[in-house]
Amino acid sequence: MSVTEIFQTMDWGPAPEAAAPATEWLDAHGRKFGLFIGGEWREPQEGRFFETLNPANAKPLAQIAQAGAADIDRAVEAATKALKEWQAIGGHARARYLYALARQVQKNSRFLAVLETLDNGKPIRETRDIDVPLVARHFYYHAGWAQLMEAELPGYRPVGVCGQIIPWNFPLLMLAWKIAPALATGNTVILKPAEFTSLTALAFAEICERIGLPPGVVNVVTGDGETGKLIVGHPGIHKIAFTGSTEVGRMIRTKTAGSGKKLSLELGGKSPFLIFDDADLDSAVEGLVDAIWFNQGQVCCAGSRLLVQESVAERVIAKTKARMEKLRVGDPLDKAIDIGAIVAPVQLQRISTLVEQGRQEGAEVFQPSWACPKEGWFYPPTLLTHVEPASTVSQIEIFGPVLVAMTFRTPSEAVELANNTVYGLAASVWTENVNLAHEIAARVKAGTVWINCTNQFDAASGFGGYRESGFGREGGKEGLYEYVIAPGGGGSLKDERRMTRDPERENTPAREAPHTPTPQNLSTLAPNAQFPGVANTPIPQHPNTPPLDRTHKLYIGGKQVRPDGGLSLQVGEQEVGRGNRKDVRNAVEVAIAAQKGWAAATPSLRTQILYYLAENLEAAMAPMLGALGGADLASGAPAIDADREFGAAIGVVFTFAAKADKFDGLVHPAPFKGVVYTQNEPIGVVGIVCGDGAPLAGLIAPICAAIAMGNAVVVIPSEANPLPAVELYRVLDTSDVPGGVVDIVTGRHDEIVPTLAAHDGIDAIWCFDPKLGAEVERLSVGNLKQTWVAGEIDWLRDPVARPDLLLRHATQVKNVWTPIGE
Ligand code: NAI
């Protein structure tokens, strides 16, 4: 093409990046790779290999080992063996290793970028400018946390051996997101890349070798979903970190239920991209291109649902179509390409099928006039208009370069539409009105919100989802908690069981009792002794009068209600309501209704309401202590130290009252011209299943932590001793806690806990009844609610010392990115 022709057409010429650094490396390895286990390269024991292909031309790149059960055993053995030394070397030494990894990633950045592009099909522009620099940044950032861990997370311990399973859309970046925090906090890892994209993980394993990382600290095992299953099911692994499809995330949740493994899931999304009528429309359309056509739309947080205000919809759609016409699809190694290849034929098929389904459901399909390359697997940028909010293409993650567009009229309607999916990973909000921007950011249910920008990522800012987009965060301080066990427990159930048997802990002397009366010294008071505020008039009693029958009810929607089945349970000399499934459902329904308003109350109002609750609780001390004394010890409930319980309970309410307006977010110093702030948002409705060990403090602490943060709770009190709970609702009745925010259903745990755990209206469930932990985890899979299963552990008796552990479980972190300047 001549210069004159170029000036006439203004077309881009080819600007290919040389494949040589990567192909030479592949050739040097004979285009065949083993497994990296215990610092050595090993053949898979079953001798099986599969091919990895270049999506841009469908040609084979290399043979990859398929790890089997014996290989995973060896990897677990190596990772377990490496743990002790890796922890013993301390934070500073680990920081040096992470720093060395970061340096090596930078030094090999061109090689890694080319290799990633060959294996995945994503444009070199992205691997070179986004993926690889972010990988280096992740290791640098976590080198810092390794250095600071002892000071910043005192008493926290590593989880142990971590199984990490990653997807194919950001192979090296997902590896960094998983490995860096795990290593920084003293864990060892077994990482499995996705079967389509193993090469950069293998190159990374070589980097680990090169820097002299102790053998077994990082193990890379390749293979498909079968290998993934072996990792998930292995009893020697203490934590599973998974990124991938919601479907597999569900399977992993089910499989790990009751195993004691810690779990974090980063799953799918259907993220809204909201354009308001006052937005800078050209910038917004440019943002949209990045939101949905970055990485061929194979991005969990892709802005795949365009929600545009009706008054500007036509203009935005016209501008988007014009921009689509100019996008370039082609050889990913070409530096002037916008959209590369789709990772595999199966993914291409899935995209085509879903677009076809959209067409059949009435969508209008727009694609640019030009054709994609015939060699390799390509799909053109696609826009679907005239779609319904409930249609398949509006609800299902397509994971390809396909945008669906809908309109809205008012901000509230925009929020309704934005939240109208099961997901909650990210959102992008475009408006020049700062008030509106932050209001929408607060109301959209998503782990990350970008204001007037999109697809911003940084190691300092935790990434992860709400709802069925998974739980746990990667990056930021919030991400570290996924790889540590809190002092006194808070980690896996298995671990906590071990801790409860710790003889040192068992010999810990009880704290000095606070100066409050006990049932014993109360009983030594003369009958009718003067209590402040209680009339001292003797009540005439006939010797043969039967005692008044006192059957406690349930507490739902701020009212005492009879159990639906009309049944009760005998507890000591009293009876409590025996709730059933219907009662649980009613309680969840009213809790959902109450939560919205409660979350909208200011934190300072919640603080005041909690202090007032403490005041009322203290006034109700006598019946509470009586209730504690009425523990049904015959049922096996541990003996209760009433003094300690009651003193702790008041302290607990004060602590969470104090925290309600202090458990605040952060401003992350991301390399971004603007502000990245985090908010600790309520999760929604939290189900709480109490254990028997601390019937009062163990009841009050989780309730107060959850409601302090703006959640509503459905509580199932201790089965052996529910009496403090029935006294508590009398206190709640006189407090200012709005009806429905705390709902209490007493009854047999085996009858009602499963309904609570399976209920889709519950957003998180905390189970402190060790008998039911496994079942709660298993039943949570329907809406992938967050679960926290913990045994009877010290922290529950001492939440005043460590309130943040409860508060972290009571909140989810939202990161909001706001640019500053023109
Ligand atoms: P996938 O969820 O099957 O694969 C992700 C990883 O999990 C891979 O390493 C895979 O080998 C492993 N895996 C598969 N089955 C497993 C099992 N039963 N136990 C343990 N590990 C298992 O995702 P896939 O099939 O590659 O893509 C299918 C769809 O999933 C995509 O079309 C997209 O919608 C979604 N997806 C979402 C991702 C995200 O980041 N949110 C990433 C990848 C896929």
Side-chain angles (χ1 to χ4, degrees), residues 50 52 55 64-67 69 72 119-122 163-175 177-178 190-198 200-201 220-234 237 240-256 261 263-271 294-302 304 342-355 377 379 392-393 395-402 421-426 447-448 455 457 463-465 467-472 474 781 784:
F50 60 92
T52 189
I64 307 292
Q66 168 78 26
I72 302 304
D119 204 16
N120 169 279
K122 57 169 70 190
Q164 305 183 315
I165 299 169
I166 57 173
W168 42 259
N169 53 344
F170 292 91
L172 194 59
L173 185 57
M174 289 302 105
L175 172 150
W177 282 21
K178 298 275 179 295
I190 297 161
L191 177 117
K192 191 197 85 63
E195 52 273 40
F196 299 137
T197 54
S198 309
T200 45
V220 177
V221 291
T222 47
D224 59 10
E226 290 308 309
T227 308
K229 279 188 204 163
L230 292 169
I231 293 175
V232 171
H234 201 292
I237 292 179
I240 298 291
F242 172 78
T243 299
S245 60
T246 299
E247 187 195 350
V248 174
R250 272 213 170 83
M251 285 193 239
I252 293 178
R253 165 72 290 180
T254 309
K255 187 91 186 273
T256 53
K261 288 189 175 86
L263 178 65
S264 51
L265 298 173
E266 202 266 89
L267 309 174
K270 192 78 186 174
S271 299
F294 170 56
N295 200 19
Q296 297 69 250
Q298 302 168 138
V299 183
C300 48
C301 56
S304 53
I342 301 297
V343 73
V346 59
Q347 190 62 18
L348 188 61
Q349 185 57 49
R350 179 185 155 90
I351 297 166
S352 316
T353 308
L354 279 165
V355 170
W377 307 305
Y379 197 86
T392 308
V393 287
Q395 292 293 327
I396 301 276
E397 183 180 45
I398 299 177
F399 225 62
V402 182
T421 71
V422 294
Y423 297 115
L425 200 50
T448 299
N455 279 343
F457 308 99
F463 186 85
R467 309 199 281 187
E468 292 186 30
S469 289
F471 42 79
E474 296 188 298
V781 75
L784 283 170

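Just so you know, ligand 1 is whichever comes first in the structure, and atom 1 is the first atom listed for that ligand. These figures come from a predicted structure and were not determined experimentally.
The shortest contact between atom 12 (C) of ligand 1 and any protein heavy atom is with I165 CG2, 3.7 Å. In terms of protein heavy-atom proximity, atom 7 (O) of ligand 1 is nearest to F242 CE1, 3.2 Å. Closest to atom 31 (C) of ligand 1 among all protein heavy atoms lies Q347 OE1, 3.7 Å. What sits closest to atom 20 (C) of ligand 1 on the protein, heavy atoms only, is G228 C, 3.3 Å. In this structure, the protein non-hydrogen atom closest to atom 44 (C) of ligand 1 is F399 CE2, 3.8 Å. Of the protein's non-hydrogen atoms, G225 CA, 3.5 Å is the one closest to atom 14 (C) of ligand 1. Protein heavy atom nearest atom 30 (O) of ligand 1, with residue, atom name and distance: S245 CB, 3.0 Å. Of the protein's heavy atoms, W168 NE1, 3.6 Å lies nearest to atom 24 (P) of ligand 1.
Distance check, rounded to the nearest 0.5 Å: OG1 of T243 to CD1 of I166 gives 8.0 Å. Going from atom CD of E266 over to atom OG1 of T246 covers 9.5 Å, rounded to the nearest 0.5 Å. Of the inter-residue distances, the one linking I351 atom CD1 with I342 atom CD1 reads 4.0 Å to the nearest 0.5 angstrom. To the nearest 0.5 angstrom, F170 atom CZ is 4.5 Å from K122 atom NZ. Between the CZ atom of R253 and the CG atom of L784 there is a distance of 8.5 Å, given to the nearest 0.5 Å.
Across all their heavy atoms, I396 and K270 have their closest contact at O-NZ, 2.7 Å. Annotation for L230 and I72: closest pair CB-CG1, 3.9 Å, computed over non-hydrogen atoms. Taking every heavy atom of both residues into account, A241 and K178 meet most closely at CB-CD, 3.6 Å.
Contacts with ligand 1 closer than 4.0 Å are made by no heavy atom of T227, backbone or side chain. Here R350 has side-chain heavy atoms under 4.0 Å from ligand 1, and that is the only part of it that gets that close. Using a 4.0 Å cut-off between heavy atoms, I231 makes no contact with ligand 1 at all. When non-hydrogen atoms are compared, ligand 1 lies under 4.0 Å from neither the backbone nor the side chain of E247.
Contact atoms of ligand 1 toward K229: 17 (C), 18 (N), 19 (N), 20 (C) (distance under 4.0 Å to a heavy atom of the residue). Residue G244 has at least one heavy-atom neighbour below 4.0 Å for each of these atoms of ligand 1: 2 (O), 37 (C), 38 (C), 39 (C), 41 (N), 42 (C). Taking every heavy atom of I166 and a limit of under 4.0 angstrom, the matching atoms of ligand 1 come to 6 (C), 8 (C), 9 (O). Listed by atom number, the atoms of ligand 1 under 4.0 Å from E195 heavy atoms are 8 (C), 10 (C), 11 (O). Applying the 4.0 Å criterion to heavy atoms of K192 picks out, from ligand 1, the atoms 8 (C), 9 (O), 10 (C), 11 (O). With ligand atoms numbered from 1 in the order given, ligand 1 contributes 41 (N) to contacts under 4.0 Å with heavy atoms of G268. Within ligand 1, the atoms closer than 4.0 Å to a non-hydrogen atom of P167 are 42 (C), 43 (C), numbered from 1 in the order shown. Atoms of ligand 1 lying under 4.0 Å from at least one heavy atom of D224, given by number and element, are 11 (O).
Looking at T200 and D119, their side chains never bring a donor and an acceptor atom within 3.5 Å of each other.
Of the N or O atoms in T243, none lie within a sub-3.5 Å distance of an N or O in ligand 1. At under 3.5 Å, a nitrogen or oxygen of L267, whether backbone or side chain, sits near a nitrogen or oxygen of ligand 1. Checking only distances, C300 never comes within under 3.5 Å of ligand 1, N or O to N or O. Among the atoms of E266, none of the N or O lies under 3.5 angstrom from an N or O of ligand 1.
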TODO: For side chain to side chain contact (heavy atoms under 4.5 Å, CB included), just list the numbers for L267 and E468, CA-CA rounded to whole Å, side-chain angles, deciding distance to a tenth of an Å, and then say yes or no.
DONE: CA-CA 7 Å; L267 309 174; E468 292 186 30; over 6 Å; no

Task: E247/R250 under side chain to side chain contact (heavy atoms under 4.5 Å, CB included): CA gap, chis, key distance, verdict - done: CA-CA 5 Å; E247 187 195 350; R250 272 213 170 83; 5.9 Å; no

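Classification of E226 and K229 as a salt-bridged pair holds, one side-chain N sitting under 4.0 Å from a carboxylate O.
For Q164, the side chain to side chain donor-acceptor pair (under 3.5 Å) test picks out Y483, with sequence neighbours left out.
Inside a 4.0 Å radius of atom 4 (O) of ligand 1 there is not any protein heavy atom. Atom 9 (O) of ligand 1 is approached by the protein to below 4.0 angstrom, counting heavy atoms only.
Remark: aromatic rings of W177 and F463 are close, center separation under 6.0 Å.
Note on ring orientation: taking the six-membered ring where Trp is involved, the planes of W168 and F399 are perpendicular (angle over 60°, cut-offs 30° and 60°).
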